[in-house]
Amino acid sequence: MNDPFAIEDDSRPSAPWLNGLNPEQQDAVTATEGPVLVLSGAGTGKTRVLTARLAEILNGGRVRPWQCLVVTFTNKAAREMKERVGRLVGPGAEGLWLGTFHSIGVRILRRHAEAVGLSSNFTILDADDQLRLLKQVMEAEHLDLKKTPPQGVMAQIQRWKDRGIAPDKPEVGGLDGKLYQAYQARLLALNACDFGDLLLHTLTLFLNDAALLEQYQEQFRYILVDEYQDTNVSQYLWLRLLAQKHRNLCCVGDDDQSIYSWRGAEVGNILRFEKDFPGARVIRLERNYRSTPHILACASHLIAHNAGRLGKTLRSGLPPAGTAEKVGVRGVWDGESEARAIVEEVEALQRAGEKLASVAILVRAGFQTREFEDRLISQGVPYRILGGPRFYERAEIRDAMAYFRLVVSPADGLAFERIVNLPKRGLGEAALATLNALAGRTGLPLFEAAKRLVTSDDLKPKPRAALAQFAADIDRWRATLDGMDHADLAATILDESGYIEMWKADKSPEAPGRVENLKELISALGDFESLPVFLEHVALVMDNDEKAEGDRLTVMTLHGAKGLEFDTVFLPGWEEGVFPHSRALSEDGGKGLEEERRLAYVGITRARKRARIFYAANRRIYNKWQDCLPSRFIAELPEAHIDHVSATGYAQPRWSAPRAVTWTAPAQPVAESDFRPGERVFHTKFGPGTVKAVEGDRLDIHFDHAGPKKVLASFVEKP
DNA sequence: ATCTTTCTAGTTTTT
DNA sequence: CTAGAAAGAT
């Protein structure tokens with residue numbers, strides 16, 4: 001991202017991190033004192049500014065690295081930042097507090113766990129464990145899990161936690177509130193935290209202990225926050241507390257790229273920054289160094305339809321290039337022809353010498369990847385699909401991890417329950433009920449209770465022997481924790497427990513893959529110093545470093561694409577109901593629609609050179625054919641910057657390089673005015689019918705066999 | 001205790 | 001339609 005228009009600041013020759021920055025960027029880097037909000041549009045060099053700012057602060061020699069706190073949202077962002085800061089500042093960055101909100105939260109919480117009723121070796125539960133725990137709580141309350149779905153209750157609990165509301169607050173009420181309290185009590189009893197707790201507990205800690213808060217406030221003289229538009233209330237409160245003393249808080253974000261409100265993110269945090277931090281400076285980064293002017297114009301025009309923005313206008317910071325293509329908008333017949341058309345274009349790009357790694361297909365929802373995968377396979381185009389179940393979320397990995405967890409911490413009841421009968425040991429409901437009763441009566445962890453239970457005659461001989469064997473195995477493995485190499489131990493556990501054998505014997509098609517994953521898990525373990533260190537890492541960093549090997553096309557969701565960029569981006573499925581998604585449309589007050597529009601904005605701005613939008617006239621959803629209307633977002637694009645070719649033929653195909661692509665209109669182009677109510681027509685899918693009403697290019701047709709439907713005029717022919 | 005049938009829901013998912 | 005979960009059958 002070199003800026004040809006950058007003004008070199010000669011007065012600071014000793015600040016190489018300012019080299020090549022434009023004036024706004026320099027401003028954002030050097031305004032180190034006081035609250036600063038950096039509104040950073042897509043492709044405006046945000047990460048660079050953040051790193052340079054850090055270099056500015058650290059190299060000024062005013063502070064030690066451990067007095068700086070840098071918070072990111074993803075582990076990936078934290079990793080990248082660490083790397084870049086290391087390169088820019090070198091050993092001067094040693095000791096910096098840099099990490100995700102959650103990892104920083106854990107770090108603080110482990111030091112002061114007792115103050116919130118935990119001990120410092122607490123376990124961190126993932127979504128799966130959380131839900132199982134809540135189910136147990138609800139079953140204990142004799143609730144009908146069908147009438148009150150645990151997922152719904154969990155969502156409410158999560159919402160409270162996201163908003164920084166502890167279970168004892170007055171806002172917490174109703175059945176959900178009661179369950180929240182019970183769930184939280186269970187977590188404490190298990191010495192466990194869920195993700196929300198990592199922030200909520202830290203918040204409680206600070207609020208209950210003014211001296212401790214003061215200590216951290218004093219320590220963090222400079223605070224930097226990335227992706228500020230994605231913070232939830234709890235994170236916001238956390239930041240506000242910590243920044244109160246020195247007020248050197250710099251938040252970087254883009255309200256137009258806030259796409260996680262359904263996960264608790266509050267755009268409001270960014271919108272009200274100036275009110276919360278009086279005297280805050282707001283710096284706008286609007287020079288985009290990524291996309292062509294056509295792409296920028298489309299993105300800006302589209303996002304301008306949202307109300308309640310802070311307002312930014314992206315301008316190109318790139319030297320003008322006369323050859324830029326307009327943003328392509330293509331109407332196709334159905335999902336299959338959409339996949340065919342896109343893959344054809346991909347192949348043409350490939351022939352023209354483009355790298356597949358610089359091309360992406362960005363879909364709204366996961367199910368859309370399927371038709372592309374089919375087509376890419378049949379055409380032999382190398383691809384990777386991102387966003388499936390993540391490595392550490394796979395059942396076999398979680399099972400194996402449960403074994404490790406139980407060996408490391410015998411009190412981990414959730415791990416115990418998960419694997420006690422896996423592989424099958426003949427320990428069913430009856431045996432577990434007996435065990436649970438004992439654990440409940442004595443207050444012992446399940447594993448301890450199991451050891452006691454097998455000394456009695458409360459179980460039948462068979463399950464009793466099985467349970468005794470299981471407990472003995474776990475204890476035996478634990479005994480070797482210190483002496484044995486941890487990767488070897490892990491392999492031994494999976495072998496001797498019969499777990500890996502279970503999958504090897506499994507005849508289902510996915511079983512071999514699971515065995516492979518388990519082997520990968522063992523080898524990944526080698527990179528860590530011990531089993532406990534590995535478990536902590538996995539709990540916080542759920543992703544497995546994607547090895548982006550070979551030249552492959554990427555297929556992923558729009559959400560997954562945030563922060564990435566590609567030369568060419570294909571955006572399929574721009575139809576009402578798909579994108580914007582119907583469920584987002586039914587949300588209150590247009591909020592959902594605006595977020596969908598931001599998602600569209602994110603999608604378009606991923607493209608450097610080429611963006612292609614597709615919409616289909618028909619789509620099969622749950623095996624039912626539905627006719628679709630083009631997304632309203634298409635109408636919101638500026639005509640001068642798009643090149644719209646649809647079956648209606650009202651736009652000229654201006655297919656710029658690569659040339660090899662031919663556009664085939666699925667039906668005979670017919671001018672829309674040609675149809676009159678009462679006229680007989682023929683539709684390739686629905687057969688013959690009679691026009692009932694004409695609405696622009698949409699026709700209400702009563703089909704002889706298929707009944708009444710709304711279809712586009714372009715897909716209808718005169719008989 | 002485990003296998004089999006029946007039912008239901010079905011966006012996005014940084015930690 | 002179809003995957004996953006829960007209830008019923010053996």
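The chains referred to below are lettered A, B, ... by the order of the sequence lines, with proteins before strands, and numbering in each begins at 1.
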**Asked** What integer number of Å spans the P atoms of C:dA3 and B:dT12?
**Response** 16 Å
- What interatomic distance, in whole Å, is found between P of C:dG4 and the corresponding atom of B:dT11? 14 Å
Angle between ring planes, [X] versus [Y], binned at 30° and 60°: parallel, tilted or perpendicular?
X      : Y      : answer
A:W262 : A:Y260 : tilted
A:W574 : A:F633 : perpendicular
A:H112 : A:Y216 : perpendicular

Among the nucleotides [options], which one has an atom lying closest to any side-chain atom of [X]?
X      : options                : result
A:D230 : B:dT11, B:dT14, B:dT13 : B:dT14
A:T74  : B:dT12, C:dA6, B:dT14  : B:dT14
A:W262 : B:dT12, B:dT15, B:dT14 : B:dT12
A:H559 : B:dT12, B:dT2, B:dT15  : B:dT12

Sorted by position of nearest nucleotide on DNA chain B, 5' first, the leading residue of A:E596 and A:G196 is A:E596
Closest to the 5' end of DNA chain B, once A:G426 and A:L198 are matched to their nearest nucleotides, is A:G426
Would you kindly give the [atom1]-to-[atom2] distance between [X] and [N], to the nearest whole Å?
X      : N      : atom1 : atom2 : answer
A:K562 : B:dT15 : NZ    : C1'   : 13 Å
A:D162 : B:dT13 : CG    : P     : 17 Å
A:E595 : B:dT14 : CD    : C1'   : 14 Å
A:R364 : B:dG10 : CZ    : P     : 15 Å
A:L585 : B:dT12 : CG    : P     : 16 Å
A:F579 : B:dT12 : CZ    : C1'   : 11 Å
A:H537 : B:dT15 : NE2   : P     : 10 Å
A:E393 : B:dT12 : CD    : P     : 13 Å

Practice problem: Would you tell me if any nitrogen or oxygen in the side chain of A:N421 comes within less than 4.0 Å of OP1 or OP2 on B:dA1? | Solution: no
Practice task
Would you indicate, yes or no, if B:dT13 has its OP1 or OP2 atom less than 4.0 angstrom from a side-chain nitrogen or oxygen of A:T557?
Solution key: yes
Under 4.0 Å between any heavy atoms, over every strand shown, what does [X] touch: base, sugar-phosphate, or nothing? Just pick one.
X      : result
A:R620 : nothing
A:A430 : sugar-phosphate
A:L558 : nothing
A:K424 : sugar-phosphate
A:F101 : nothing
A:G366 : sugar-phosphate

task: Look at the side chain of A:R263 and the base of B:dT15, then say whether one donor and one acceptor between them are separated by less than 3.5 Å.
output: yes
Checklist entry - Between the side-chain atoms of A:R583 and the base atoms of B:dT11, is any donor-acceptor pair under 3.5 Å? => result no
Q.
Ring centres within less than 5.5 Å and planes less than 30° apart: is that true of A:H581 and B:dT11 in this structure?
A. yes
| Salt bridge A:E595-A:R598, side-chain N to carboxylate O under 4.0 Å | yes
Note to self: Check this for me: does any side-chain nitrogen of one of A:R132 and A:E417 sit under 4.0 Å from a carboxylate oxygen of the other?
What the structure shows: no
If only side-chain N and O atoms count, and only distance matters, is there a donor-acceptor pair under 3.5 Å linking A:T231 with A:N269?
yes
Here the pair of heavy atoms bringing A:F528 nearest to A:A524 is CD1-O, 3.5 Å
